[in-house]
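Both counts, for ligands and for their atoms, begin at 1 and track the order of listing.
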Amino acid sequence: MQYVSTRGEAPALGFSDAVLAGLARDGGLYVPREWPQFSAAEIRAMRGLPYADLAIRVLTPFLGGEIAAPVFERLVREAYATFRHQAVCPLVQTGPNTFILELFHGPTLAFKDVAMQLLARLMDHVLAERGQRATIVGATSGDTGGAAIDAFAGRDRTDIFVLFPHGRVSPVQQRQMTTSTAANVQALAIEGNFDDCQGLLKDMFNDHAFRDSVSLSGVNSINWARIMAQIVYYFSSALSLGAPDRPVSFTVPTGNFGDIFAGYAAKKMGLPIERLIVATNDNDILARTFATGEYRTKGVFATTSPSMDIQVSSNFERLLFEASDRNAETVRRYMAGLKQSGAFTIETAEMARMRSEFDAGRADMDEVAATIRSTLETSNYLLDPHTAAAVHVAAGKVGSAVPMVVLGTAHPAKFPAAVEAACGVSPALPAWLGSLMSADEKYTVLPSDLKMVEDYVSRHSRAAR
Ligand SMILES: Cc1ncc(COP(=O)(O)O)c(C=O)c1O
Ligand SMILES: N[C@@H](CCOP(=O)(O)O)C(=O)O
């Protein structure tokens with residue numbers, strides 16, 4: 001299996017190199033050269049498999065034989081042993097034909113753990129085999145950072161630097177990043193928003209001298225392995241609802257478009273997914289794009305679902321590549337427009353292709369609060385604000401006989417203030433995270449300035465040459 005860049009100007013790479021590279025050297029994102037296929041019979045044979053076994057079955061074709069089977073099996077089993085629910089990602093029914101796929105039973109209570117726990121082990125394995133070290137820089141609007149720090153803390157072959165928007169993450173999210181005592185962890189509070197953090201990250205990757213000098217690697221969903229690992233729970237949930245003999249639709253709280261792109265990948269691999277519905281909060285660039293065909297950024301607005309406060313949605317580039325029949329020149333043109341004027345207009349035929357698979361909607365903060373309240377009243381189920389945005393959007397789309405699965409991307413206890421304001425209930429952190437809110441914090445505040453951040457990373461990275 002080879003991985004190609006969406007911008008077509010970087011060399012194709014094998015699995016291990018693509019994982020270590022993160023962003024392609026031409027600024028593009030890696031995607032598999034072709035989608036592995038499972039027949040209906042092969043999917044049927046996956047029914048009833050424990051989550052780790054399913055992950056091994058679904059993900060092995062992506063490895064291109066580069067990770068020995070017994071090693072991969074061990075890494076997968078270790079990754080999912082960190083989850084506190086036996087099913088790893090359980091499915092809970094909340095209405096006649098609606099379900100929440102709970103993705104928040106990992107160490108940091110967010111869906112990011114599902115991929116991050118595996119990615120850290122994969123990277124460690126590849127680096128150890130090659131006798132190398134890497135510097136990992138991640139950008140977060142709140143959840144990726146904590147999940148990455150948990151997964152990489154104490155690993156000798158990597159130093160991890162997480163850029164988070166100063167003052168714009170929830171207190172629980174912040175502490176999950178700032179209370180780590182591991183020597184290889186650095187939390188950097190950037191004076192800006194998430195798009196600034198992600199912009200700095202991409203600029204670091206595109207500064208090849210810096211990139212090479214610190215052996216830069218990435219753990220955001222620009223890294224293919226993040227998307228890959230997220231494909232598995234589309235299979236697990238669809239299988240338990242009757243796949244491949246019954247189609248399923250998914251509504252996904254969306255920001256960087258990584259999670260929903262994993263659903264698209266699952267569909268390309270043969271899973272019968274009817275609709276993939278993008279749910280945004282007030283930062284509704286993707287909902288507007290699906291409505292108008294124009295991707296146009298405007299300022300980021302701070303909401304009660306901070307992890308979705310994003311304008312530049314990285315993985316949308318992967319969908320543009322697909323919708324343009326993998327035309328890298330078209331993708332480069334769109335991305336140049338985004339860089340120059342903050343906008344681009346998508347060709348009609350490409351938009352039609354996207355609309356044939358995806359739908360989109362938005363939930364503003366009042367709608368999110370009302371959904372948290374009403375779901376508690378009618379289903380006795382406490383939503384976090386991100387999942388609530390998706391439940392609101394899904395409610396406007398349900399209606400067919402096809403089951404609707406909403407991805408539950410975070411535990412409500414990560415956002416107690418917003419949840420309590422909405423419904424009067426303040427969700428408590430699980431006991432095993434009890435000391436989080438009293439532990440000492442350690443972080444460095446930096447301006448949103450490329451040179452200053454690069455300088456900080458170079459000075460603190462053990463991989464720096
Ligand atoms: C809780 C939560 N929900 C939804 C999202 C959006 O997911 P994605 O960026 O993959 O679209 C995020 C951040 O990524 C998140 O942390
Ligand atoms: N919402 C994310 C933003 C980064 O997303 P990623 O999936 O690309 O890592 C977060 O919580 O940090």
Quickly, which of I260, L319, T280 forms a side-chain contact (heavy atoms from CB on, under 4.5 Å) with L286? Name it, please. T280
Is the count of non-hydrogen atoms from other residues, nucleotides or ligands lying under 6.0 Å from M452 atom CE greater than 12? no
Can you pull out the closest protein heavy atom to atom 8 (O) of ligand 2? Residue, atom name and distance to 0.1 Å, please. S221 OG, 2.5 Å
Identity and separation of the nearest protein heavy atom to atom 14 (O) of ligand 1: K112 NZ, 2.3 Å
Run F72 and H125 through ring pair (Phe, Tyr, Trp, His ring centres under 6.0 Å) and show every step you take. CA-CA 9 Å; F72 186 60; H125 169 74; 9.7 Å; no
Below 3.5 angstrom, do we get any N/O pair linking N256 and ligand 1? yes
Can you name the closest pair of heavy atoms from I149 and Q176 and give their distance? CG2-O, 4.2 Å
Part of F111 within contact of ligand 1 (heavy atoms, under 4.0 Å): side chain
At a 4.0 Å threshold, what atoms of ligand 1 neighbour a non-hydrogen atom of A410? 1 (C)
Would D143 count as a polar contact of ligand 1, with the cut-off being nitrogen or oxygen pairs under 3.5 Å? yes
Among protein heavy atoms, which sits nearest to atom 3 (C) of ligand 2, and what does the distance come to when rounded to 0.1 Å? S141 OG, 3.3 Å
Taking only heavy atoms of H386 into account, list the atoms of ligand 1 that are under 4.0 Å away from them. 1 (C), 2 (C), 3 (N)
Heavy-atom pairs closer than 4.0 Å: do any link ligand 2 to the side chain of M308, the backbone, both, or neither? neither
Which of the ligand 2 atoms, numbered from 1, are nearer than 4.0 Å to a heavy atom of R226: 6 (P), 7 (O), 9 (O)
Backbone or side-chain N or O of T409 under 3.5 Å from ligand 1 N or O: yes
Check contact between K112 and ligand 2, using heavy atoms of the residue and a distance below 4.0 angstrom. yes
Measure centre to centre between the rings of Y234 and F250, then say whether the value is under 6.0 Å. yes
If we only count heavy atoms from C-beta on, is the Y295 to I285 side-chain gap below 4.5 Å? yes
Distance filter under 4.0 Å to G258 heavy atoms, resulting ligand 1 atoms: 8 (P), 10 (O), 11 (O)
Polar-atom distance check: F257 versus ligand 1, any N or O pair below 3.5 Å? yes
Heavy-atom contact check, 4.0 Å cutoff: does Q230 meet ligand 1? no
Give the numbers and elements of all ligand 2 atoms closer than 4.0 Å to a heavy atom of F194. 3 (C), 4 (C)
Out of F257, F261, Y264, which one pairs with F316 under the ring-ring contact (aromatic ring centres under 6.0 Å, His included) rule? F257
Tell me which protein heavy atom sits closest to atom 11 (O) of ligand 2, plus the residue, atom name and distance to 0.1 Å. D143 N, 2.7 Å
Heavy atoms, side chains only, cut-off 4.5 Å: are E191 and S448 in contact? no
Going from NE2 on H392 to OG1 on T387, what distance comes out if it is rounded to the nearest 0.5 angstrom? 14.5 Å
Does I310, backbone or side chain, put an N or O under 3.5 Å from an N or O of ligand 1? no
So, is T254 polar-close to ligand 1, with some N/O to N/O distance under 3.5 Å? no
Polar contacts were defined as any N/O atom of the residue lying under 3.5 Å from an N/O atom of the ligand; does this apply to N315 and ligand 2? no
Quick test of your reading of the structure: of T144, D259, T140, L163, whose heavy atom lies closest to atom 9 (O) of ligand 2? T144
Close-contact set for ligand 1 against G255 heavy atoms, below 4.0 Å: 6 (C), 7 (O), 8 (P), 9 (O), 11 (O)
For ligand 1, find out whether one of its N or O atoms is nearer than 3.5 Å to an N or O atom of D259. yes
Quick one: which ligand 2 atoms are inside 4.0 Å of a heavy atom on G142? 10 (C), 11 (O), 12 (O)
